[in-house]
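It should be emphasised that the depicted structure is a prediction, and the values quoted were computed from it without experimental measurement.
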Amino acid sequence: MEDAPHGKIEEELLWSREIVPRVLQIVSARLPQKDLISLLLVSPWLYRTLVSNPSLWQVLDLHEMNNAGDRLISAISLSRYHHVRLINLEFAQDIEDKHLTVLKCKHMESLQDLESLNLNGCQKISDNGIEAVTSACPKLKALSIYWNVRVTDLGIEHIVRNCKHMVDLNLSGCKNISDRSMYLIADTIRELESLNLTRCIKISDRGLQQILLKCRSLHYLNLYALSSLTDESYEKIELLTHLKFLDLCGAQNLSDEGLSRIAKCKNLVSLNLTWCVRVTDVGVIAIGQGCPYLELLSLFGITGVTDKCLEVLSRFCSSTLTTLDVNGCIEIKRRSRDELLQLFPHLRCFKVHS
């Protein structure tokens, strides 16, 4: 009679000390951070169990939150975030330079392992904020500052000086950076793998040439809406032997000659030529012959291409192409879904642009 209660107690201890923590570790790792924080309030035991698992607190997600600056400082001051690796402040409200300065001055030790920082849409951040936060994060590998018109070449100078391990840099919409930034990046961050220069309208052929010449580890290059660039930009693009993604949407000055140089990037998987209005069959045929691994190709809005280029593409890329957009290509007559599937049997997507 006495053994049963003792056995039950042992079973409950095993359950509470080993099984429940193990289950919680598996489940909580898949929960949104908001729900994870809510669990901390359930009980002291649950609080201790969750806080004692460092892997759960490597991400600090404050995206789209109000009062994000104060929330950020409060969170980083907690011991559980002392080894945070990713901070997401995308479109967070009320985040300013002063908050990033506080991080540098009072909580630098908590940022020593930070590898990824998302400041997309944080338009109150200037060069001063960029200097503060990058100088506090020696291991930073990925930085995204999309849609920031306050950051200038000085901000990029801070980034390249402080972030020697950067591999992913998103400068999309940073309209006040110029060729000087391109020279700084090319001279300093040569292991860069991903670079987004969407709508960086002050960049010229000369600036981009430096990137192509020196950043030879690039896999991803986004040049969306850089309409002033010419064929001269791409003279050295074949040096990017690892390039897989290239977005040239709106490259109005790109001709078949420039596209023939791009065709030497034989590992290309995704190529966006939307509104590249000077391109003809000649350039697209060169792409088909030179890029055997192509999976996505957009020719949207190009009136100078015909069925001829699709026939050649079919000979070289029919086994790989899964996305092909020829909407608006009025000289391509075989544009129906069934006709395209006859040429490219693996197509799953026929529209890149809505």
Side-chain angles (χ1 to χ4, degrees), residues 21 24-37 39-40 47-65 68-92 95-120 122 125 128-146 148 151 155-171 185 188-196 217 219-220:
L24 272 173
Q25 184 173 0
I26 295 171
V27 173
S28 56
R30 292 166 170 76
L31 290 176
Q33 192 172 71
K34 184 178 179 180
D35 295 337
L36 191 61
I37 292 173
L39 281 177
L40 294 175
Y47 178 93
R48 289 192 298 271
T49 300
L50 294 175
V51 169
S52 64
N53 186 352
S55 64
L56 297 178
W57 309 103
Q58 292 183 356
V59 174
L60 178 54
D61 189 355
L62 299 174
H63 80 281
E64 298 182 356
M65 287 193 179
D70 292 338
R71 287 174 184 262
L72 173 64
I73 293 170
S74 296
I76 288 297
S77 66
L78 300 173
S79 60
R80 64 175 179 263
Y81 285 115
H82 280 188
H83 298 285
V84 65
R85 293 182 181 274
L86 184 153
I87 296 178
N88 184 2
L89 294 165
E90 186 170 50
F91 294 106
I95 177 81
E96 302 178 21
D97 286 347
K98 64 181 181 181
H99 299 110
L100 302 184
T101 301
V102 170
L103 289 185
K104 175 185 176 180
C105 295
K106 296 185 178 181
H107 304 290
M108 183 180 286
E109 70 283 354
S110 298
L111 301 175
Q112 296 304 293
D113 293 324
L114 190 69
E115 295 180 352
S116 179
L117 176 61
N118 188 333
L119 293 172
N120 287 344
C122 298
I125 302 299
N128 293 331
I130 294 297
E131 189 281 328
V133 74
T134 56
S135 63
C137 308
K139 296 182 181 179
L140 198 63
K141 294 181 179 180
L143 176 63
S144 189
I145 54 174
Y146 160 75
N148 187 317
V151 170
I156 306 305
E157 184 177 344
H158 295 318
I159 292 171
V160 302
R161 183 176 66 245
N162 296 325
C163 305
K164 305 300 184 183
H165 306 289
M166 186 71 65
V167 295
D168 187 340
L169 186 57
N170 183 355
L171 303 176
I185 293 169
T188 314
I189 319 179
R190 298 197 178 185
E191 298 306 312
L192 200 62
E193 296 178 3
S194 177
L195 180 61
N196 191 333
S217 296
H219 294 181
Y220 175 106

Working note: Thr101 + Asn128, criterion side-chain contact (heavy atoms from CB on, under 4.5 Å); need CA distance, chi angles, decisive distance, verdict. CA-CA 8 Å; Thr101 301; Asn128 293 331; 6.0 Å; no

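- Atom-to-atom distance recorded for Ile76:CD1 and Ile87:CD1 is 4.0 Å, nearest 0.5 angstrom.
- Remark: Lys106 NZ is loosely packed, at most 12 non-hydrogen atoms of other residues, nucleotides or ligands lying under 6.0 Å away.
- Remark: His99 NE2 to Leu89 CG distance equals 10.5 Å, nearest 0.5 Å.
- Checking Asn120, Asn118, Leu60 one by one against Asn88, the side-chain contact (heavy atoms from CB on, under 4.5 Å) holds for a single residue, Asn118.
- Using a 4.5 Å cut-off on side-chain heavy atoms (C-beta onward), Val133 and Leu143 make no contact.
- Pairing each heavy atom of Pro138 with each of Gln112, the nearest pair is CG-OE1, 3.5 Å.
- Using modelled atom types, one side-chain atom of Trp57 and one backbone atom of Leu50 make a donor-acceptor pair closer than 3.5 Å.
- To the nearest 0.5 Å, atoms NZ (Lys139) and NE2 (His165) are separated by 8.5 Å.
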Apply the test side-chain contact (heavy atoms from CB on, under 4.5 Å) to residues Met166 and Leu140: give CA-CA distance (whole Å), side-chain angles for both, the deciding distance (0.1 Å), then the verdict. CA-CA 6 Å; Met166 186 71 65; Leu140 198 63; 4.2 Å; yes

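- Listed here is the closest heavy atom pair of Pro54 and Ser52: CD-O, 3.2 Å.
- Here the CD-CG distance, from Glu131 to Asp97, works out to 10.0 Å after rounding to the nearest 0.5 Å.
- Closest of all the heavy-atom pairs between Val84 and Ser110 is CG1-O, 3.7 Å.
- What you find for Ile95 and Cys122 is that their closest heavy atoms are CG2-SG, 3.5 Å.
- Inter-residue side-chain proximity for Ile156 and Leu171 is flagged as met; some heavy-atom pair is nearer than 4.5 Å.
- A donor-acceptor contact shorter than 3.5 Å links the side chain of Asn148 to the backbone of Ile125.
- For NE2 of His83, the number of neighbouring non-hydrogen atoms (other residues, nucleotides, ligands) closer than 6.0 Å is 12 at most.
- One finds the CG atom of Asp70 at 11.0 Å from the CG atom of Leu62 (value rounded to the nearest 0.5 Å).
- Looking at Asp113, Asn162, Leu114 one by one, the single match for side-chain contact (heavy atoms from CB on, under 4.5 Å) with Cys137 turns out to be Leu114.
- Between the side chain of Ser77 and the main chain of Ser74, a donor-acceptor pair closer than 3.5 Å is present.
- For Tyr220 against Ser194, the heavy-atom pair with the smallest separation is CD2-OG, 3.3 Å.
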Working note: Leu72 + Val102, criterion side-chain contact (heavy atoms from CB on, under 4.5 Å); need CA distance, chi angles, decisive distance, verdict. CA-CA 10 Å; Leu72 173 64; Val102 170; over 6 Å; no

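- Put simply, CG on Asn196 and CG on Asp168 are 9.0 Å apart, with the number rounded to the nearest 0.5 Å.
- The closest side-chain heavy-atom distance from Ser135 to His158 is not below 4.5 Å.
- Minimum heavy-atom separation, Val160 to Glu157: CG2-O, 3.3 Å.
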